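So you know, we letter chains A, B, ... as the sequences are listed, proteins then strands, and number each from 1. When reading the values below, keep in mind they use all heavy atoms of this one structure, side chains included, and skip hydrogens, waters and symmetry mates. Owing to the predicted nature of the structure, the values given are computational and were not obtained by experimental measurement.
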Protein chains: 2
Amino acid sequence: MTTDVTDAAALADSIRAAGLKVTEPRVAVLAAIEREPHIDAGRIFRSIRSSLPGTSVQAVHGVLAAFSQAGLLRRIEPAHSPALYERRVDDNHHHIVCSACGAVEDVDCAVGHSPCLVPSSASGFQVQSAEVNFWGLCPNCQTA
Amino acid sequence: MTTDVTDAAALADSIRAAGLKVTEPRVAVLAAIEREPHIDAGRIFRSIRSSLPGTSVQAVHGVLAAFSQAGLLRRIEPAHSPALYERRVDDNHHHIVCSACGAVEDVDCAVGHSPCLVPSSASGFQVQSAEVNFWGLCPNCQTA
DNA sequence: CTCATGTTTTGAGTCATTCAAAATAAGGCT
DNA sequence: AGCCTTATTTTGAATGACTCAAAACATGAG
């Protein structure tokens, strides 16, 4: 794991680029999300506490809040799951969640048209965005 | 409010039709959802406790769980909100949520095609259902 | 190197929800 | 009509996810 150094440098760069101070907890959190691209605060905490003994779940929440506000992270809240964070922020993609094990994968917008962006009747609402979540069985859970 | 009697009878009927015993809390919960078609457990509790002094939020959760399992209610979990319950269960409609005040309205599937039901790439998932949530400003919050 | 400011730590508290055991009521049966 | 089994509600407690606030600390601009 000698590549950690360069990785950490790259992560630090994106933190700095977002106008935030670079700290150990922040780099560690970003690295954890790199490892598992759809992850919740608790998992992040468990994933980094060995290398950062002084950290707490609250600290992780603080980092995640700062990152989300800075546009470095996107927060998604699928049903039956704590909030998940992902680094893919600059496109409007969707998600597919395994109804058995909770695994999450990205799904690109259906090609050819912007699906579901125009509801048939918006009840007078001014539509700003559309969120699409697919539910199904992941490859593993299909066999089991 | 003399119509309450007939209303209660109709509600009792649908509870019985779902194979469940008819009780005061159950009728009250269903009536509360009738009054406010997208409502969470806490609001239901506050809405019925005057007429049912002995009730608790836990009881409401119990009723809601039984109803959801029996297919009498649909549970939705929009981001930034506790779970909401609605009586429209037999069609696959979607929702539009006001990003300012949280108001929720139903949205029918866009006509002509089943939008978003076929993700461009499902990563090997066996897709079972698609959930679409629109976000925007409700008529009230547009002016304010 | 120093200092102001942004971050993290620490400790406590809230909200939504679940669990389990005891008390109670519904409604089929006689 | 009344009893009894079983479903349901009550009561009390606990959990998980997240937020808040004050004090300690580190970053990086100067």
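- Side-chain atoms of B/E36 and B/S47, non-hydrogen and from C-beta on, never get closer than 4.5 Å to each other.
- The CZ atom of A/F134 sits 7.0 Å away from atom NE2 of A/H94, with the distance rounded to the nearest 0.5 Å.
- Nucleotides of DNA chain D lying under 4.0 Å from heavy atoms of chain A occupy a range whose first and last members, 5' to 3', are D/dA17 to D/dG28.
- Between A/G54 and B/Y85, the residue whose closest nucleotide on DNA chain C is further toward the 5' end is A/G54.
- The side-chain heavy atoms of A/Q126 and B/C141, taken from C-beta on, include no pair separated by under 4.5 Å.
- When side chains are defined from C-beta on, A/E34 counts as touching A/L11, because their heavy atoms get closer than 4.5 Å.
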May I have the list of side-chain donor-acceptor pairs in residues 95-105 of chain B shorter than 3.5 Å, sequence neighbours left out?
residue : atom : partner : partner atom : Å
B/H95   : NE2  : B/E86   : OE1          : 2.9
B/H95   : NE2  : B/E86   : OE2          : 3.1
B/H95   : NE2  : B/H93   : NE2          : 3.2
B/H95   : NE2  : B/D106  : OD1          : 3.3
B/S99   : OG   : A/Q128  : OE1          : 3.0
B/S99   : OG   : B/G136  : O            : 3.1

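- One finds a salt bridge joining A/D108 and A/R88 here, because a Lys/Arg side-chain nitrogen approaches an Asp/Glu carboxylate oxygen to under 4.0 Å.
- Against DNA chain D, the stretch residues 27-51 of chain A makes no heavy-atom approach under 4.0 Å.
- Shown here are the side chain to side chain donor-acceptor pair (under 3.5 Å) partners of B/Q142, two or more places apart in sequence or in another chain: there are none.
- Here the CG-CG distance, from B/D40 to B/L84, works out to 6.0 Å after rounding to the nearest 0.5 Å.
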Check: residues 48-64 of chain A side-chain donor-acceptor pairs under 3.5 Å, at least two apart:
residue : atom : partner : partner atom : Å
A/S51   : OG   : A/I48   : O            : 3.1
A/T55   : OG1  : A/L52   : O            : 3.1
A/S56   : OG   : A/A59   : N            : 3.3

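- Atom CD1 of A/I39 and atom CD1 of A/I44 lie 5.0 Å apart (nearest 0.5 Å).
- Partners of A/E77 according to the side chain to side chain donor-acceptor pair (under 3.5 Å) rule, which considers only residues two or more places apart in sequence or in another chain, are A/R75, B/H80.
- Using a 4.0 Å heavy-atom cutoff across all strands shown, B/A83 reaches sugar-phosphate atoms only and no base atom.
- Partners of A/Q69 under the side chain to side chain donor-acceptor pair (under 3.5 Å) rule, at least two apart in sequence or in another chain, do not exist in this structure.
- The structure places CH2 of A/W135 at 10.5 Å from CZ of B/F125, a figure rounded to the nearest 0.5 Å.
- For the segment residues 71-82 of chain B, the set of residues with a heavy atom within less than 4.0 Å of an atom of DNA chain C comprises B/R75, B/P82, in numerical order.
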Atom pairs and distances, donor-acceptor, side-chain atoms in residues 15-31 of chain A, under 3.5 Å, two or more places apart:
residue : atom : partner : partner atom : Å
A/T23   : OG1  : A/R26   : N            : 3.4
A/R26   : NH1  : A/K21   : O            : 3.0

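- Listed by first and then second residue, the salt bridge (Lys or Arg N to Asp or Glu O under 4.0 Å) pairs involving residues 130-144 of chain A amount to none (not counting sequence neighbours).
- Remark: P of C/dG6 and CD of A/Q69 are 13 Å apart, rounded to the nearest angstrom.
- Between the two ends of the helix from C/dC1-D/dG30 to C/dT30-D/dA1, each summarised by a five-pair axis, the helix axis turns through 30° (rounded to 10 degrees).
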Can you give me the N/O atom pairs linking the protein to nucleotides 20-27 of chain C at distances under 3.5 Å, or say none if there are none?
residue : atom : partner : partner atom : Å
C/dA26  : N3   : B/K21   : NZ           : 3.3
C/dG27  : OP1  : B/V22   : N            : 2.9

